[in-house]
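Take a look at the structure set out below.
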Amino acid sequence: MKRSIIVMGCFLLASPILAQSAGEKTGVNSALGISPSTADFVKEVAISDMFEIESNKLAQAKGNAPEKTFASQMVTDHTKTSTELKGLVTSGKVKAELPTELDSSHKSKLDKLKSENGKDFSSDFDSMQVSAHKDAVSLFERYAKGGDSPDLKNWVGKNLPALKHHLEMAQKLNKSK
């Protein structure tokens, strides 16, 4: 019993540290409304942009007419934000590392879309776009409130309205079925 109390106490003391290091990956930060660290934010945004660009290129080839229109806008907008984020990091204004490839979760989603066609593709693509943009809006809002890089917060403020618009577009796409 005594050992259990000690272990539980150690876990409770470590919880804030775990929330900061693993929070974005596990959704802990989002659920608690905690701002991501700059490094986590940059990593998540870069991966999100890579996924948006690649999944929407697939939609340009496989999607129906509304999905192709949506996809064209997403490729353009997410290429722009990806380029801007890289500029902030490479200029030294933002101290973080940019990932060079998708994480396993996004790779598996992309692989699933690659293997689908027709209604199966549309159903999964549309719901993935809603989910991805909800996550992105949450991430941006939380960083805007508590992020520690003024340059990055300024960039977030400029891009958040477009992300919210993307979410609205994705929700309309998903409802049009």
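What you are looking at is a predicted structure, and each value in this text was computed from that prediction instead of being measured.
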Look at the side chain of Ser72 and the backbone N and O of Lys68, then say whether any donor-acceptor pair between them is shorter than 3.5 Å. no
Rounded to the nearest 0.5 Å, how far does NZ of Lys57 lie from CG of Leu110? 11.0 Å
So do Leu85 and Leu152 actually touch side chain to side chain, heavy atoms under 4.5 Å? yes
Can you label the angle between the Phe140 ring and the Trp155 ring as parallel, tilted or perpendicular, going by 30° and 60°? tilted
With a 4.5 Å cut-off on side-chain heavy atoms, are Met50 and Pro99 touching? yes
Any chance you could measure Thr83, atom OG1, to Leu88, atom CG, to the nearest 0.5 Å? 11.5 Å
Ignoring hydrogens and angles, tell me if any N or O in the side chain of Ser115 forms a donor-acceptor pair with the backbone of Lys112 under 3.5 Å. yes
I'd like to check Val45 versus Val156 (side-chain heavy atoms, cut-off strictly below 4.5 Å). Are they in contact? no
To the nearest 0.5 Å, tell me how far Lys114 NZ sits from Leu58 CG. 6.5 Å
With rounding to the nearest 0.5 angstrom, report the NZ to CG distance, Lys86 to Asp49. 9.0 Å
Are Lys62 and Glu116 within salt-bridge range, i.e. N to O under 4.0 Å? no
Kindly work out whether a path of hydrophobic side-chain contacts (I/L/V/M/F/W/Y, heavy atoms less than 4.5 Å apart) joins Val130 to Leu139. yes
After noting the C-alpha distance and the side-chain angles of Thr81 and His78, does the key distance pass the side-chain contact (heavy atoms from CB on, under 4.5 Å) rule? CA-CA 5 Å; Thr81 56; His78 287 281; 4.1 Å; yes
Under 3.5 Å: donor-acceptor pair, side chain of Tyr143, backbone of Ser149: yes
Taking Pro150's backbone N and O only, do any of them form a donor-acceptor pair with Asn154's side chain (distance below 3.5 Å, no angle check)? no
For a side-chain contact (heavy atoms from CB on, under 4.5 Å) check, start with the C-alpha distance between Asp126 and Phe121, then their side-chain angles and the critical distance, and finish with the verdict. CA-CA 8 Å; Asp126 295 358; Phe121 174 85; over 6 Å; no
Is Asp103 reaching over with its side chain to a backbone N or O of His106, donor-acceptor style, under 3.5 angstrom? yes
State, yes or no, whether a side-chain contact exists between Gln129 and Asn174 at a heavy-atom distance under 4.5 Å. no
Aromatic plane relationship, His133 with Phe70 - under 30° parallel, 30 to 60° tilted, over 60° perpendicular: perpendicular
Taking all atoms of both residues into account, what is the closest heavy-atom pair of Leu102 and Lys107, and its distance? O-CE, 3.1 Å
side-chain contact (heavy atoms from CB on, under 4.5 Å) assessment of Ser35 paired with Phe41: CA-CA 9 Å; Ser35 297; Phe41 178 81; over 6 Å; no
Please determine whether side-chain contact (heavy atoms from CB on, under 4.5 Å) holds for the pair Lys95 and Thr38, giving the CA-CA distance in whole Å, both sets of side-chain angles, and the decisive distance to 0.1 Å. CA-CA 8 Å; Lys95 306 286 186 226; Thr38 295; over 6 Å; no
Where the side chain of Ser55 meets the backbone of Phe51, is there a donor-acceptor pair that is under 3.5 Å apart? yes
What's the shortest heavy-atom distance between Met74 and Met169, and which atoms? CE-CE, 3.9 Å
Grab the two heavy atoms, one from Ala96 and one from Ala39, that are nearest each other, plus how far apart they are. CB-CA, 4.1 Å
Using a strict 4.0 Å threshold on nitrogen-to-oxygen distance, state whether Lys145 and Glu141 make a salt bridge. no
Distance, nearest 0.5 Å, that separates NZ of Lys109 from CG of Asp111: 12.5 Å
Nearest heavy-atom contact between Ala46 and Leu98 is CB-CD2, 4.0 Å
Do you know which two heavy atoms are closest between Val75 and Gln60, and how far apart they sit? CG2-OE1, 4.0 Å
For the residue pair Pro36 and Asp40, what are the closest heavy atoms and their distance? CB-CB, 4.4 Å
Under 3.5 Å donor-acceptor, Ser127 side chain and Ser123 backbone: yes
Can any side-chain N or O of Ser48 pair as donor or acceptor with the backbone N or O of Glu44 at less than 3.5 Å? no
Distance from Leu163 atom CG to Asp77 atom CG, nearest 0.5 Å? 9.0 Å
